[in-house]
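One structure is given here, and the rest of the page talks about it.
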Amino acid sequence: MSALAVHLDCSRTYIGKLEAERGIQRQGDGFSLDQCRVAYLRYLRREHALTAHGSRR
């Protein structure tokens, strides 16, 4: 399991989904744990805001 997946307590598949949806970005040949953690929290907040406002079902 990748260090980022362990750090965020998720699967490598989910990390790939986050990367594809621009939730996180790879830097060189890896991920910055600190930057990805902040980006992931922002991604979750954005998703929550969309769901809370009824934009997604």
Side-chain angles (χ1 to χ4, degrees):
M1 196 172 236
S2 74
L4 181 59
V6 171
H7 186 69
L8 297 179
D9 191 31
C10 61
S11 69
R12 291 179 76 180
T13 303
Y14 189 66
I15 295 296
K17 177 183 180 242
L18 290 173
E19 189 176 14
E21 293 180 0
R22 305 269 187 216
I24 59 172
Q25 290 184 323
R26 190 178 296 265
Q27 294 184 335
D29 38 326
F31 294 99
S32 164
L33 295 182
D34 291 335
Q35 289 178 350
C36 286
R37 182 179 56 252
V38 170
Y40 181 55
L41 290 170
R42 288 179 180 157
Y43 172 83
L44 291 175
R45 288 181 187 128
R46 236 183 359 259
E47 290 295 304
H48 177 75
L50 289 173
T51 303
H53 294 298
S55 298
R56 295 180 83 174
R57 293 189 187 243

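Keep in mind that this is a model prediction, so the values were computed, not measured.
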message: Can you list everything that forms a salt bridge (charged side-chain N to carboxylate O under 4.0 Å, His left out) with Asp34? Sequence neighbours excluded, please.
response: Arg37
message: Quick check on the hydrophobic clustering: are Val38 and Leu44 connected, directly or via other members, by side-chain heavy-atom contacts under 4.5 Å?
response: no
- request: Check whether any side-chain heavy atom of Leu18 lies under 4.5 Å from a side-chain heavy atom of Tyr40, and answer yes or no.
  value: yes
field: Path from Leu8 to Leu33 over hydrophobic side-chain contacts below 4.5 Å
entry: yes
task: Quick one: list whatever passes salt bridge (charged side-chain N to carboxylate O under 4.0 Å, His left out) with Arg26, sequence neighbours left out.
output: Glu19
- line: CG (Leu4) and CD1 (Ile24) are apart, to the nearest 0.5 Å, by 5.0 Å
statement: Minimal heavy-atom distance between Ala5 and Arg12, with the atoms involved, is CB-N, 4.1 Å
- request: Might you point out which heavy atoms bring Gln25 and Cys36 nearest each other, and give the distance in Å?
  value: O-SG, 4.0 Å
query: If you round to the nearest 0.5 Å, how far is CZ of Arg22 from CZ of Arg46?
result: 12.0 Å
Residues forming a side chain to side chain donor-acceptor pair (under 3.5 Å) with Asp9, sequence neighbours excluded: none
query: Side chains of Phe31 and Ile15: does their closest heavy-atom pair fall under 4.5 Å?
result: yes
